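This report concerns only the one structure given below.
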Amino acid sequence: MKIVIVGGVAGGASAAARIRRLNEQAEIVVFERSGHISYANCGLPYYIGDVITDPDDLTLQTPESFWQRFRVSMKVNHEVTAIHTDRKTVSVKNLITGEVFEESYDKLILSPGARPAKPRFVGVGLEKLFTLRTVEDALHIKEYINKHKPKSAVLAGGGFIGLELAENLRELGMDVTIVQMLPQLMETFDPDMASFIHAEMRKHGVKLALGQAVEGFEEKDGGIDVLIKGGSRLHADMAMLAIGVTPDTALAKEAGLELGIRGSIVVNDRMETSVPDIYAAGDAVQVKHYVTGADALISLAGPANKQGRIIADNICGGDSRYSGSLGSSVIKIFDLTAATTGINETNARNAGLDVDTVILSPQNHSGYYPGGKVMTIKVVFEKGTYRLLGAQIIGYEGVDKRIDVIATAIHVGMKATGLKDLDLAYAPPYSSAKDPVNMAGFMIDNISKGILKQWHIEDEPNLPRDGSVTLLDTRTVKEYSGGYAEDFKNIPVDELRERIDEVEKGKPVYVMCQSGVRSYIACRILEGLGYEAYNFTGGYRFYSAVMNDRALIEAATDCGMDK
């Protein structure tokens with residue numbers, strides 16, 4: 001049996017190695033158009049920023065090492081230019097010599113990945129405009145920086161690559177601006193959670209031009225102007241296009257394979273395409289979202305590797321199935337860690353789901369153990385059924401652990417209330433006896449039992465200010481004096497029982513504290529004394545972060561960026 005693989009990075013390399021482990025006799029040939037195979041895409045920004053200093057460290061395997069261990073023929077600098085399904089061959093061009101030839105296959109695996117999106121902007125192709133996808137791209141960018149010593153850069157795009165490049169260019173001492181058409185960075189997060197990401201970027205000197213659309217690029221004054229819709233310009237020494245990726249599926253389209261959203265390759269759960277004996281994996285394929293069941297494009301290394309393995313199993317006589325993608329991800333943003341899994345509140349509502357959320361700000365480990373740091377957790381669940389839909393966590397230490405726990409819970413179909421029952425490891429340097437994930441579960445369980453009633457930040461503008469409700473802040477006097485929500489009266493929680501006459505009976509009470517814990521206690525006191533009380537999820541810390549961010553974005557609309 002002869003297997004030809006198009007693309008030798010995540011999905012293709014995984015499939016090749018797995019096939020060899022299952023079948024010692026198979027002939028395996030991989031064609032990779034770049035000069036590297038099995039390289040670490042996710043490490044490329046860190047090479048540009050000198051975190052990774054040796055380019056060889058970006059390459060997990062070489063054609064020679066792959067042959068030595070697996071007897072897989074890795075043909076780099078070879079581009080597959082056509083698929084001939086009728087005679088089961090592919091046309092290949094050697095990009096070094098120019099030679100063109102046909103290669104036969106019994107089974108064909110397509111793992112071409114995705115290419116950086118390049119809209120038809122004016123100026124695409126200019127010398128000072130870069131994209132980042134391959135090792136060659138990273139080497140080119142690094143060479144340019146070392147040679148020309150640019151002092152400023154504008155990045156078009158606020159996703160993974162944009163943020164990682166921004167951090168690494170700032171670490172090199174460059175002045176960095178991110179232009180993003182959406183009014184937030186990282187759309188996998190809800191806008192309220194993204195406010196913490198924005199604050200971290202600003203803290204480290206990255207300027208943000210949110211809600212601004214790039215229209216083109218123009219060389220000017222020895223640098224490059226980024227043209228913004230509405231007529232404004234941002235000038236820099238270099239610019240980066242990082243506005244997303246597009247499935248690289250021209251081969252599949254020309255061969256007549258069925259295509260899906262944004263031209264992606266349609267596959268079944270065995271990763272089989274619409275043409276017999278042709279499989280596909282990675283960023284180029286359409287998958288099912290694990291939570292919603294909807295068709296999705298999820299460009300992440302983990303799913304690509306798993307899909308390559310599944311293809312190998314099925315080619316070698318097995319019956320492996322891909323159950324869908326949760327989209328679990330984590331990113332370093334200077335000192336912060338931001339992670340997400342499942343779907344966020346915005347996408348859940350857009351999908352027509354009736355959802356609720358809890359927001360909490362626990363420390364990563366026991367408060368009495370030195371060095372504890374706060375994280376912000378938002379858990380999304382379906383009302384009524386309490387189906388666990390997704391989570392977002394932003395903090396410092398322990399963020400990745402908690403997001404992985406919640407991702408596992410979603411995968412096994414656990415209800416959101418079940419988070420309270422998880423038996424998670426505890427020692428003071430690592431966690432609390434009530435782990436943050438358990439705490440989220442306790443909150444959702446209280447909601448399910450009617451013990452906790454909440455109000456959310458989007459409710460704040462509609463809270464009556466006519467005296468028909470009571471707005472209560474239960475923080476200390478010192479905390480309150482440092483800032484408070486408009487019209488909220490301060491009664492510290494520990495004084496509430498003694499000052500209960502100051503809270504008028506017969507009116508709903510909307511309560512807030514710093515993190516949501518003391519206000520919950522206040523709500524229980526109030527409920528016990530015959531009041532109807534609602535707790536603000538997230539607390540004033542969350543409220544302040546979101547409101548400050550909104551004000552900065554709104555103020556920046558006229559000038560095109562904030563600082």
Side-chain angles (χ1 to χ4, degrees), residues 40-55 57-58 116 129-135 137-146 149-180 182 184-189 193-210 212 214 226 234 236-245 299-301 329-340 373 375-376 392-397 399-400 403 545 549 552 561-563:
N41 301 70
C42 302
L44 299 180
Y46 299 98
Y47 171 70
I48 293 170
D50 284 340
V51 177
I52 299 169
T53 56
D54 187 346
D57 291 340
L58 296 171
L129 178 63
F130 302 87
T131 58
L132 180 61
R133 180 197 180 199
T134 65
V135 172
D137 293 336
L139 295 175
H140 177 51
I141 293 168
K142 189 63 178 172
E143 180 183 9
Y144 183 88
I145 290 172
N146 290 340
K149 303 292 189 295
K151 298 187 182 305
S152 59
V154 173
L155 310 180
F160 286 98
I161 292 296
L163 267 63
E164 289 169 345
L165 277 171
E167 175 181 347
N168 282 280
L169 295 178
R170 277 298 294 157
E171 296 294 350
L172 293 177
M174 296 174 63
D175 184 76
V176 177
T177 301
I178 296 177
V179 184
Q180 169 79 329
L182 295 173
Q184 70 167 86
L185 303 174
M186 295 296 293
E187 61 179 314
T188 51
F189 291 81
M193 293 293 285
S195 63
F196 293 95
I197 297 173
H198 300 165
E200 185 72 3
M201 300 299 281
R202 296 183 186 110
K203 173 184 172 183
H204 288 272
V206 177
K207 302 179 183 70
L208 305 179
L210 303 177
Q212 307 287 332
V214 173
V226 180
L234 295 172
D237 296 328
M238 63 186 299
M240 304 268 193
L241 257 180
I243 58 175
V245 294
S299 300
L300 295 168
S329 66
V330 63
I331 183 173
K332 176 183 178 295
I333 305 168
F334 292 101
D335 298 326
L336 274 184
T337 299
T340 183
K373 295 181 179 179
M375 64 178 72
T376 302
Q392 301 150 66
I393 309 178
I394 298 176
Y396 299 91
E397 298 171 5
V399 168
D400 54 341
I403 207 72
D549 183 58
L552 285 170
M561 71 178 71
D562 64 36
K563 299 183 179 181

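It should be emphasised that the depicted structure is a prediction, and the values quoted were computed from it without experimental measurement.
Among residues at least two apart or in separate chains, salt bridge (charged side-chain N to carboxylate O under 4.0 Å, His left out) pairs with a member in residues 159-173 are Glu167-Lys332.
Looking at heavy atoms from C-beta onward, Arg202 lies in side-chain contact with Asp549 at the 4.5 angstrom threshold. Leu552 places none of its side-chain heavy atoms less than 4.5 Å from the side chain of Leu208. Inter-residue side-chain proximity for Ile141 and Met240 is flagged as met; some heavy-atom pair is nearer than 4.5 Å. Inter-residue side-chain proximity for Ile161 and Leu155 is flagged as unmet; no heavy-atom pair is nearer than 4.5 Å. The shortest distance between side-chain heavy atoms of His204 and Ile333 does not fall below 4.5 Å. The side-chain heavy atoms of Ser299 and Phe160, taken from C-beta on, include no pair separated by under 4.5 Å.
With rounding to the nearest 0.5 Å, the separation of CD in Glu200 from OG1 in Thr337 is 9.5 Å. From Leu44, atom CG reaches atom NZ of Lys142 across 12.5 Å, with rounding to the nearest 0.5 Å. The CD1 atom of Ile243 sits 11.5 Å away from atom CG of Leu182, with the distance rounded to the nearest 0.5 Å. Going from atom CG of Asp400 over to atom CD1 of Ile331 covers 13.5 Å, rounded to the nearest 0.5 Å. Within the model, atoms CD1 of Ile178 and CG of Leu165 stand 9.0 Å from one another, a figure rounded to the nearest 0.5 Å. Atom OG of Ser195 and atom CD1 of Ile394 lie 7.0 Å apart (nearest 0.5 Å).
Closest non-hydrogen pair, Leu336 versus Gly395, comes out as CD2-O, 3.2 Å. Between Phe189 and Ile197, the closest heavy-atom pair is CD1-CD1, 4.0 Å. Between Ile393 and Ile403 the shortest heavy-atom distance is CD1-N, 3.6 Å. Across all non-hydrogen atoms, the minimal contact from Met238 to Ile145 is SD-CG1, 4.1 Å. When every heavy atom of Asn168 is checked against every heavy atom of Pro45, the shortest pair comes out as CG-O, 3.1 Å. Here the closest heavy-atom approach between residue Ala166 and residue Phe334 is recorded as O-CZ, 4.4 Å.
Evaluation of the side-chain hydrogen bond (donor to acceptor under 3.5 Å, both in side chains) rule for Asp137 yields Thr134 as partners, not counting sequence neighbours.
Using a 30° and 60° split on the angle between ring planes, His140 and Phe130 fall in the tilted class, from 30° to 60°.
Judged by distance alone, the side chain of Thr340 and the main-chain N or O of Gln392 form no donor-acceptor pair under 3.5 Å. Remark: side-chain polar atoms of Gln184 are not paired, donor with acceptor, to backbone N or O of Ala194 under 3.5 angstrom. Checked by atom type and distance alone, the side chain of Asp237 pairs as donor or acceptor with a backbone atom of Lys151 at under 3.5 Å.
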